[in-house]
Each structure stands twice: as C-alpha cells, then as structure tokens.
Amino acid sequence: MSETSKKIVYSVCSMCTVRCPIEVEVQNGAVKHIWGNPHVLGGRYLCPRGAAGKAFVNDSERLQGPMIRDGERGSGKWRKTSWDEALDYVADKLKKVIETYGPESVILGDRGGPFTDMQKAFIKAIGSPNYFNHNGACSNSVHNAHNGLTGHRRNTVSYDWKNCKYAVLYGRNILESLGTKEAKDFIDGLERGMKFAFFDIRWNYTAAKADSFHILNPGSDYAVNLGIIYTLINENLHDTEFVNRWVLGFDELVKFITPYTPEWAEKESGVPAREIIRIAHEMAEARPSVILHPGWMTAWTENDYYFRRSIYMIYALLGGYEAKGGLIFDKNEVEAGYKPLKKFVDIVPKVDKKRFDGVGWKYKHLSPDYGLAQMVPYAVLNEDPYPVKAFINYRFDPLSAFPDPEAYKEGLKKLDLLVTIDVNYSHTGWVSDIILPESTYLERTDPVIAKSGSKPALWIRRQAVEPRFDTKPKWWILKQLADRLGVGQYFPHNTVEEIISFQLQDMGLKLEDFDEKGIVSLSKDEIIWDRQDGLKFKTPSKKIEFLSSMLENSGIPSFPAYQSPKEPPEGFFRFTTGKIAIHTQGTSLNNPYLNEIQFENTLWINTQEAKKLGINTGDTIEVSSFGVVQTIKAYVTDYIHPKVVYTLHGYGREIPLQSRAFKKGMRDNTLMKGLLKVAVGGNCPMTDCFVKVRKLS
Ligand SMILES: Nc1nc2c(c(=O)[nH]1)N[C@H]1C(S)=C(S)[C@@H](COP(=O)(O)OP(=O)(O)OC[C@H]3O[C@@H](n4cnc5c(=O)[nH]c(N)nc54)[C@H](O)[C@@H]3O)O[C@H]1N2
Ligand SMILES: Nc1nc2c(c(=O)[nH]1)N[C@H]1C(S)=C(S)[C@@H](COP(=O)(O)OP(=O)(O)OC[C@H]3O[C@@H](n4cnc5c(=O)[nH]c(N)nc54)[C@H](O)[C@@H]3O)O[C@H]1N2
Ligand code: SF4
Ligand SMILES: [Mo]
C-alpha cells in the first residue's frame, strides 16, 4: 500500500452533539482511524463513540438514498427515489401549504447547536418564525433559568475546570454522559486536588470519583440548595462585595430563605444537615473557584426551573462569575478584534409573526432560540394559534426524545407534510412522508462556525471521504429547496467553498488557514472582563436579577414558596433515565461496534424493594404506566434510592431496518404518558413519571 494514499483530515465529530475536534486518518479513500485533534485537545483523546465513527460510515444499515413513503404513514413501506423527484415533491407540498395557510404553517425543528445558521435562515426566508430545537426535552429549564437571572443562556458561560478548587455536581454524570474534553479536564482537576461533592439518586461512575456522594430523595436537589443558601447568608459567608455590585434582589432572597434551614432541607432531601452545612463551608472557603454543574439533561420535575435558578444564585453569592476556577463568559470573534463571521440568518429579512408554540406571547420568559418542540402535536391537532401543516425535521428525532411518543405521533399524522433530513433511520423519519439522507459528517464539509470561549476560535467540519451512498450535504439540500421555493437569492452559492469564502469575507481569513491545525485561533490569550465594571449581564438592570423582571413581567413569581416534588402513589416508583459512555441517546444503538459492546437496557431497582416483589437480577419484569406496558430485565442493586427505578434512555428501537438494535430492551419514553407539558422552565417534567413493576419470569 503506497504511503501517498494516506492523508490526515482535521474535522469535527458528530457522533454526539458535544462536537469534539478530530483528526481523521484516511487511507485509500476510506477512514482508517479517528483520533482527537491534538492541536486543540492537547492529545489524541476521544470517547468510544467518536472512534466508532468509522463503523458508522461503513454501516450499510443506514440511509442510502432519498425515500418516499409507499403506504400509510409509519407502515414501513418505502420507495427509493431520485433527488430531483424528492426535492420537487417537498417543494410542491410546501408551496401548497404556504399558499393555503401562510408561511407560518411551516415549522422547522432542529437538534440545535452551532451549525444551525442555514436552517434558521431557510425557515426565516420562507417567512415563518417557527424555528425550534430539542431543548424542551433537554436543557430548557437551565437555559431559561440563567436567562431570567442574567440575560444569558447557559451556554454563554464556560466552566474553568483548570483552576477549580471545589465542584458540586447534581446528577451531572460527567464521566458517562460525557464530552471528551470536559471529562479529561475534570479528571485532571481531581488529580490536582479539586474536591468534589456529588448528588444523584443512584450510583454511577461519576459517583465513584466523589469525595462525598449523596443519594438524595428524588427531585429534592432544590431543598439542598436552599439549605446551602441559608448557611451562606446566615453565616455571612457570601462575597458581599460582588453581591453589592452585581446582584438585584438580595434582600428579597434573605427574606425568602428564612424558613429553609439545613435541618428543614434534611427532612426534604434526606441529606444530613451537617453535610449540607459542611458543603456550604467548603464552598465558601474555595470561593470563587467553585463549579456547581447545573446538569445538562436537566428536565426533571415541574419545579426544575427554580432549582436551576438556585444554582446560579449560589454562583452569584460566591462571586463566581468571570472568576478563576468558576464561570467564565464566552467571548466572540468581535471581542477578539475581528469583524464577525458572516451569517445567512442576518441577510434574510426579519419575520414579525406570532410563534406557533406560544414563546414570546404566551410564554414571555422563554427563549425563542429554543422554542417548545413539545407543542407541535397540540398546535397541529388544535390548529391553535393557527394551522400547522408542514414540519421540516432536521437532525432531530422528537419521537425518540420526547415523552409519550404515541401522543406526539397523533399530531404528526395530521400534517400535510412531514420531511425528515437525517443521516440514519429515526423514529420520526420512519413516520415521515419523505426522508432526505444527509451525507455523514465524515463525508461532507459544513460551513464554518464561530466557537466562542475565553479564547474564541473558528472551527470547521471537513470532508474526509467521498459519500458511500446517494446522500447530500445539508447546505446543498436547503439551497435546492430554497431555489424551488423562490427564495434562492439568499442561498446563491454553488459550492461549500463559496459559502466559506462568503462567511470569512470580512475577517481577512480563508479556507487554507484551517489546514494546519483544523481550527483558527482568534486570540492567543484569554480574554477576561473586569469584575468590577466589565461584566455584561443582559437584564434590564444590567445585574444578576434574583428578583427577575423577566419573570415578574410574565406574572411568574421570582420566589414562590418551596413545593415538594410529587410522591409516587402507593405501589409505584418514580421512573428515571440517563445515558452511558458508549452510546449517544438511542441513535448509536445500531452502530456495529457499539452495539457489540452494549445493546440492551435493564431496569435498576433497589434491593429491598426488589425483594418485596420477588425480583432478582436477570428476571424479566413488566414495567407499566397508564396502560402502557413494557418488558425488560431487572438489575437489582443497593445503590439506588428505593423510591425510583432507573434505565438507560433510547433503547427498544422500533425500526426493523436497524436489525442490531430492533426491539432490544425497552423504549423508555413510551411510559411517560401525559408528560408532553410545558413546565415553568419550558421543559417537559421528564421524571414526574410513575411506574408499576411486576415480575414476569
Ligand atoms: N427519557 C429520556 N428522554 C430523553 C433523554 C433521556 O435521558 N431520557 N435525553 C434527552 C436529551 S439530553 C436530549 S439532547 C434529547 C435528544 O434528542 P434527539 O433528537 O433524539 O437527538 P439525537 O439522539 O442527538 O439525534 C437526533 C437525530 O439526529 C440524527 N443525526 C445525527 N447526526 C446527524 C447529521 O450529521 N445530520 C443529520 N441530518 N442528522 C443527524 C440522528 O440520526 C438522530 O436521528 O433526548 C432527550 N430525551
Ligand atoms: N455517552 C454519552 N454522553 C453524552 C450524551 C449521550 O447520549 N451519551 N448526551 C449528551 C447530552 S445531549 C446531554 S444533555 C448530556 C447529559 O448529561 P447529564 O446531565 O449528566 O444527564 P443524564 O445522562 O441524562 O443523567 C442524568 C442523571 O441524573 C440522575 N438523576 C435523576 N433524577 C435525579 C434527581 O432528582 N436528582 C439528582 N441529583 N440526580 C437525578 C440520574 O440518575 C442520572 O445519573 O450528556 C451528553 N453526553
Ligand atoms: S464526546 Fe465523543 S461522540 Fe461526542 S463529539 Fe466528542 S468524541 Fe464525538
Ligand atoms: Mo441533551
């Protein structure tokens, strides 16, 4: 084999949405190996899913060309078609919907993240305000909580793990539900001597690394935080200078916190008062170099929002904003002295229309950047606030992600058009009218993204190999549709290289600048704002608003009295779910490598409770809720709270063409009847689900 057939391509992983920078070794036109990009990560680290990208691109059980449904929706009968026919089909249906009901009847759902400019521009170009992403099933409550307090979303601040002295994680399973760099920084921190307290409802690998680990009553993290706040304030341990300068509503907090002593918190959470006091003392000692991780998949209960708010209030009390070892604001290309990266969304005219999901009018405190994907079925079925008739579903699988997929599907069935653009089969794709297959991340180049941070940079995902099948990149698919819909003027470029030149045109940079390291750094040094005068909170008062104008304007109190989480009825358990290190949600379950390592979920149940029900590890058991019945194998353990059961999310896939994952294990979200709701933070209250468990064999 000649050496000349080898090449290295720097790109960005897409096996999950963390998007690690990667180095792809290509030999004879095929992926030989995938590593972490050492120029960015400081080593070739990568998680197992990242390395399994090779198996993904080589898998033949993935989409191979455009498919039009050839039977009832969801019947699994498909007809292969050409790109021309597929795009004409979608454009004709969209035109009819737009003519009959108006452009707002077309909605676009997206997984989200930094590569979203073209999707946002596309839906705006056709005149619809209805862009939304997956966050109603992920971190809406934490984004909106931070937004209400500071005017910034969760992901406009980063954790300074390198300098952190004390970490408190609430169910943030950082070593399994992971991002490669964060997990590495976290472990480095522990090796440096960072102390770490962890709260969860069960043991996991993150717990194994904790200095103190607390299995707390499910959904009671807020009570623990109130006990911590009580201690900080009553013992005067908070950073008075920072609070005086930057906080609005501290006096209201002082008044509110009076009843919530650590002893009260112990009763609610089961965490001993002395432990709560100890953690508060240790935090105060380490301040401001403290990281409290609000969790990432945070959609637990109805009151989740107030818990997430309390985390950011503790940061403020500890003076943890723009502090070494705490939270650092992300800086963009302009703050690094560059002109901004050009965006498509900025050249498309503004759309001034009411959103379908109530954000901005019914839910004034929730962010339109995320929207409410859980409102789709209601809007379709009730035609409220107007008919929703066409759904463009890009890189998103609401029927896997959201509670109660049967209820969601009822809405989808009534659409005039459901089009899914994916790299793989998905549950939502399976009930669509048409599936447009995107080339995988290893087979395409995506437009450049600006990666903000204390050292902002530009990143690019670059094609490593030729597409194996009849698939196309997103930019091409959207341009073709835009041309057919008469809005092609906003997408004039014929190659991705032209798009990238357009994006970079004001910055004095070009595509070749990415060759050496895969990224372009925009700042050699960290950009840090002055903590006395330079912090840029985007609230009306320009401060951290404990008393939130955004909430009060929407008629929502900033300090409602604490409410205990719902208790499971007699004979029921609270149903909880999560992830493991080697799979991404349910989407990697059919990956040939990863499936071989792990293909089935089990139900974790506490030893004492299992004994009462006569259940042993390995028994087949029935799990039921509101008439939905699933079967699964039991895993009996001491290390889970007796009131909950737990399983891995995303299993029990129902797509026959994914033979390795088909019907392996249990499909968790089907049990979550009635939870397609909008809680205060905009999240579905994912763990307010109660199930019965019974031994079958
Ligand atoms: N019960 C329960 N529910 C949950 C969770 C849980 O833990 N338990 N987790 C929640 C969380 S945290 C999240 S983020 C959501 C996840 O929500 P999902 O929407 O399920 O997100 P993903 O699994 O990331 O993938 C969405 C789709 O994107 C496709 N895809 C991947 N890469 C590409 C690409 O390059 N191009 C295109 N066009 N498509 C691509 C995948 O094949 C998949 O079909 O689920 C949430 N739902
Ligand atoms: N390997 C892998 N890594 C991933 C992903 C993946 O799919 N696979 N997905 C990525 C995404 S999109 C996200 S959002 C993040 C999610 O990262 P995390 O926020 O860490 O979320 P989960 O994995 O959903 O873990 C939820 C944890 O919450 C615990 N829990 C449940 N109820 C409670 C409670 O009331 N209190 C406390 N304290 N804990 C509770 C569960 O036991 C579980 O350990 O992971 C990201 N990284
Ligand atoms: S965490 Fe793993 S799967 Fe996710 S982007 Fe990074 S390497 Fe890829
Ligand atoms: Mo997520």
Side-chain angles (χ1 to χ4, degrees), residues 11-22 34-37 41 44-53 56 111-113 133-140 142 154-155 168-184 197-207 213-225 269 271 293-301 303-304 307 400-401 441 461 565 574-589 591 594 598 604 639-641 643-650 668 683 685-689:
S11 189
V12 177
C13 182
S14 180
M15 292 296 284
C16 87
T17 46
V18 171
R19 304 170 196 92
C20 299
I22 50 172
I34 306 174
W35 316 87
N37 178 343
L41 296 172
R44 291 193 155 75
Y45 319 105
L46 209 61
C47 95
R49 298 165 295 153
F56 175 45
R111 181 62 169 73
N133 73 16
H134 77 291
N135 266 323
C138 180
S139 34
N140 251 1
V142 77
R154 168 200 75 157
N155 54 359
V168 185
L169 269 55
Y170 308 82
R172 170 71 189 102
N173 190 2
I174 200 163
L175 299 179
E176 292 184 270
S177 306
L178 56 82
T180 310
K181 185 163 188 311
E182 188 174 48
K184 167 92 176 46
F198 188 51
F199 297 96
D200 205 300
I201 44 89
R202 56 160 199 132
W203 181 91
N204 51 40
Y205 284 100
T206 304
F213 168 47
H214 312 273
I215 292 190
L216 80 181
N217 291 337
S220 69
D221 304 66
Y222 184 35
V224 171
N225 271 1
S269 66
V271 180
H293 206 300
W296 192 355
M297 193 307 222
T298 56
W300 286 333
T301 61
N303 290 322
D304 208 89
F307 162 51
S400 297
Y441 68 104
R461 177 177 283 144
R574 184 176 276 267
F575 184 54
T576 63
T577 57
K579 293 120 188 144
I580 46 165
I582 60 153
H583 279 298
T584 296
Q585 322 286 355
T587 61
S588 65
L589 281 167
N591 181 294
L594 301 175
Q598 214 278 351
W604 292 40
Y639 299 107
I640 184 164
H641 194 285
K643 287 192 178 166
V644 305
V645 287
Y646 171 86
T647 195
L648 292 173
H649 166 59
D668 54 347
N683 55 292
M686 206 66 99
T687 70
D688 278 349
C689 171

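When a ligand or atom number is given, it counts from 1 through the structure's own listing order.
Taking a cut-off of under 4.0 Å to the non-hydrogen atoms of L178, the atoms of ligand 3 that pass are 1 (S). Which parts of ligand 2 touch P218 is read off a 4.0 Å heavy-atom cut-off, strictly below it: atoms 35 (O). Here is the list of ligand 2 atoms found below 4.0 Å of a heavy atom in C138: 14 (S). Proximity to M15 (heavy-atom distance under 4.0 Å) selects the following atoms of ligand 3: 3 (S). In the vicinity of T180, heavy-atom distances shorter than 4.0 Å reach the ligand 3 atoms 1 (S), 2 (Fe), 6 (Fe), 7 (S). Atoms of ligand 2 found under 4.0 Å from any heavy atom of N204, numbered from 1 in the order shown, are 44 (O). Under a 4.0 Å criterion applied to the non-hydrogen atoms of T584, ligand 2 contributes the atoms 6 (C), 7 (O), 8 (N).
Looking at S177 against ligand 2, both its backbone and its side chain come within 4.0 Å, counting heavy atoms. Contact annotation: for H583 versus ligand 2, heavy atoms closer than 4.0 Å belong to the backbone alone. Only the side chain of L46 comes within contact range of ligand 3, with a heavy atom under 4.0 Å; no backbone atom does. With a heavy-atom cut-off of 4.0 Å, R111 touches ligand 2 through its side chain alone. Only the side chain of R202 comes within 4.0 Å of ligand 2, judged by heavy-atom distances.
No donor-acceptor contact under 3.5 angstrom links the side chains of S588 and R49, judged on distance only.
Residue C16: no N/O/S atom is found under 2.8 Å from atom 8 (Fe) of ligand 3. Residue C47: no N/O/S atom is found under 2.8 Å from atom 6 (Fe) of ligand 3.
Of the options R19, R49, E182, the smallest heavy-atom separation from atom 5 (S) of ligand 3 is shown by R19. The heavy atom nearest to atom 34 (C) of ligand 2, considering only D221, L594, L178, is found in D221. In this comparison of A183, G219, S139, the heavy atom closest to atom 35 (O) of ligand 2 sits on G219. Evaluated by nearest non-hydrogen atom to atom 20 (O) of ligand 2, the leading choice among I582, T576, N173 is N173. With N217, I201, T206 as candidates, the residue nearest to atom 32 (N) of ligand 2 on a non-hydrogen basis is I201. When the heavy atoms of H641, H293, R172 are ranked by distance to atom 17 (O) of ligand 2, first place goes to R172.
Protein heavy atom in closest approach to atom 6 (Fe) of ligand 3: C20 SG, 2.2 Å. G171 O, 3.7 Å is the protein heavy atom nearest to atom 26 (C) of ligand 2. What sits closest to atom 8 (Fe) of ligand 3 on the protein, heavy atoms only, is C13 SG, 2.3 Å. Protein heavy atom closest to atom 21 (O) of ligand 2, with residue, atom name and distance, is M297 CB, 3.5 Å.
Here the side chain of H214 pairs no donor or acceptor atom with the backbone of L216 at under 3.5 angstrom. With R172 contributing its side chain and S177 its backbone, the two residues share a donor-acceptor pair below 3.5 Å.
No more than 12 heavy-atom neighbours from other residues, nucleotides or ligands sit within 6.0 angstrom of CH2 on W35. Heavy-atom neighbours of F213 CZ from other residues, nucleotides or ligands within 6.0 Å: above the threshold of 12.
Residue contact check for ligand 2: I580 places a non-hydrogen atom closer than 4.0 Å to it. Ligand 2 is approached by E176 to a heavy-atom distance shorter than 4.0 Å. R574 does not count as a contact of ligand 2, since none of its heavy atoms falls under 4.0 Å from the ligand. Ligand 2 lies out of reach of H214, whose nearest heavy atom is not under 4.0 Å from it.
Using a 30° and 60° split on the angle between ring planes, Y441 and F56 fall in the parallel class, below 30°.
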